Amino acid sequence: MIKSILFLLILAAIHAKLELQIEGKKAGWALRLPCWRIDNKFTQLLLGKEITGYHVWLLIMFFFLFHSPYLFINFTLKHELNILGLFCWYWIAEDWFWFLENSLYGLRNFKKGHIFWHKRWIWFLPVSYLWGMVMGTILLILGGLK
């Protein structure tokens with residue numbers, strides 16, 4: 001499990017650096033990218049914000065990348081639960097690294113009111129992080145990740 005977590009964190013940090021290059025320091029959540037956006041009751045309930053074409057395609061790409069082990073191993077429910085659990089935690093780590101690596105935010109500005117696309121917070125975390133942590137942990141427990 002340590003190797004999986006370490007790999008996930010390194011990949012998330014690299015991805016965050018790439019996203020900073022794509023979006024820029026000031027324009028998080030694809031603010032200035034030429035992509036479609038959907039903002040409705042469902043996206044607000046699930047994410048607490050709009051969804052962008054940029055982020056949908058990133059999710060799809062990483063969903064397939066996370067499933068690439070199936071090129072070498074057989075599908076099992078335990079493998080799938082572990083992959084989905086790590087996938088949930090990956091997005092939290094990647095998003096958090098984006099803020100840590102962004103000199104305009106950093107840890108000092110990672111709080112409610114400073115990040116327009118994270119509107120709903122519980123304690124010191126965006127609600128979407130809490131959802132991802134809960135879902136990811138449940139999936140990893142069910143998958144028996146070791």
Side-chain angles (χ1 to χ4, degrees), residues 1-33 35-70 76-146:
M1 179 161 97
I2 299 294
K3 287 192 285 186
S4 297
I5 292 169
L6 185 59
F7 180 81
L8 181 136
L9 291 174
I10 291 168
L11 183 62
I14 293 167
H15 180 182
K17 287 278 193 197
L18 176 62
E19 257 198 335
L20 276 168
Q21 294 299 308
I22 293 168
E23 293 178 317
K25 290 181 179 183
K26 296 179 183 179
W29 203 247
L31 181 64
R32 294 196 180 107
L33 297 183
C35 55
W36 52 259
R37 298 164 190 284
I38 298 173
D39 190 9
N40 58 32
K41 288 180 183 178
F42 179 74
T43 62
Q44 287 298 320
L45 177 67
L46 188 64
L47 302 170
K49 57 190 163 213
E50 69 183 6
I51 189 69
T52 70
Y54 170 73
H55 290 97
V56 166
W57 287 109
L58 270 178
L59 281 167
I60 292 169
M61 181 179 74
F62 275 90
F63 181 82
F64 277 93
L65 286 173
F66 268 67
H67 285 81
S68 64
Y70 288 134
T76 67
L77 183 56
K78 284 190 175 269
H79 288 147
E80 184 63 17
L81 292 170
N82 287 326
I83 286 170
L84 293 174
L86 289 170
F87 186 71
C88 289
W89 275 99
Y90 174 80
W91 289 105
I92 297 162
E94 187 278 331
D95 195 64
W96 193 64
F97 279 128
W98 188 93
F99 291 104
L100 290 181
E101 295 170 4
N102 187 334
S103 60
L104 297 180
Y105 286 95
L107 200 51
R108 74 186 179 288
N109 288 321
F110 186 76
K111 53 190 163 192
K112 186 176 183 176
H114 287 259
I115 305 162
F116 76 86
W117 59 96
H118 284 306
K119 297 172 189 157
R120 297 182 323 198
W121 293 66
I122 294 178
W123 199 21
F124 60 91
L125 290 174
V127 169
S128 59
Y129 281 31
L130 294 171
W131 276 112
M133 289 173 176
V134 168
M135 289 175 36
T137 301
I138 289 170
L139 290 164
L140 290 171
I141 289 169
L142 291 173
L145 184 66
K146 296 180 180 180

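None of the values given here were measured: they were computed from a predicted structure. Heads up: numbering here begins at 1 and tracks the sequence.
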| Side chains of H15 and D95 in contact at under 4.5 Å (non-hydrogen atoms) | no
| message | Surrounding CH2 of W117 (heavy atoms of other residues, nucleotides or ligands, distance under 6.0 Å), is the total greater than 12? | response | yes
| query | Just one of F99, F124, F97 clears the ring-ring contact (aromatic ring centres under 6.0 Å, His included) bar with F110, so which one? | reply | F99
| Where is the tightest heavy-atom contact between Q44 and E50, given as atom of each residue plus distance? | NE2-N, 3.8 Å
| field | Between CD1 on residue I51 and OG1 on residue T43, distance to nearest 0.5 Å | value | 8.0 Å
| Is there a donor-acceptor contact under 3.5 Å from the side chain of Y70 to the main chain of E80? | yes
| Are any of the side-chain heavy atoms of E19 and H55 separated by less than 4.5 Å? | yes
| Hey, does W123 have a side-chain heavy atom less than 4.5 Å from the side chain of L130? | no
| Can L58 and W91 be said to form a side-chain contact (heavy atoms from CB on, under 4.5 Å), step by step? | CA-CA 10 Å; L58 270 178; W91 289 105; 4.1 Å; yes
| Between Y129 and W96, is the ring centre distance below 6.0 Å? | no
| query | What about the rings of F66 and W89, do their centers lie closer together than 6.0 Å? | reply | no
| Y90 vs L86 side-chain heavy atoms within contact, under 4.5 Å | no
| request: Mind listing the closest non-hydrogen atom pair of C35 and A30 along with its distance? | output: SG-CB, 4.1 Å
| field | CD1 on I83 to CG on L65, rounded to 0.5 Å | value | 11.5 Å
| query | Below 6.0 angstrom between ring centroids: does that apply to F87 and F63? | reply | yes
| task | Mind listing the closest non-hydrogen atom pair of K25 and S103 along with its distance? | result | NZ-OG, 2.8 Å
| Parallel, tilted or perpendicular: which describes the rings of W121 and H118, with under 30° parallel and over 60° perpendicular? | perpendicular
| message | Rounded at 0.5 Å granularity, tell me how far OG in S128 sits from CD1 in I122. | response | 10.5 Å
| Is any side-chain heavy atom of K26 closer than 4.5 Å to a side-chain heavy atom of R32? | yes
| query | Any side-chain heavy atom of E23 within less than 4.5 Å of one from L33? | reply | yes
| note | Between the CD1 atom in I5 and the CD1 atom in I10, the distance rounded to the nearest 0.5 Å is 12.0 Å
| query | Nearest heavy-atom pair of L84 and H67: which atoms, and what distance? | reply | CD2-CE1, 4.1 Å
| So do L140 and N82 actually touch side chain to side chain, heavy atoms under 4.5 Å? | yes
| In Å and rounded to the nearest 0.5 Å, what is the CG to CD1 distance from L125 to I92? | 8.5 Å
| field | From NZ (K17) to CG (L20), nearest 0.5 Å | value | 7.0 Å
| Any I115 side-chain heavy atom under 4.5 Å of W29 side chain | no
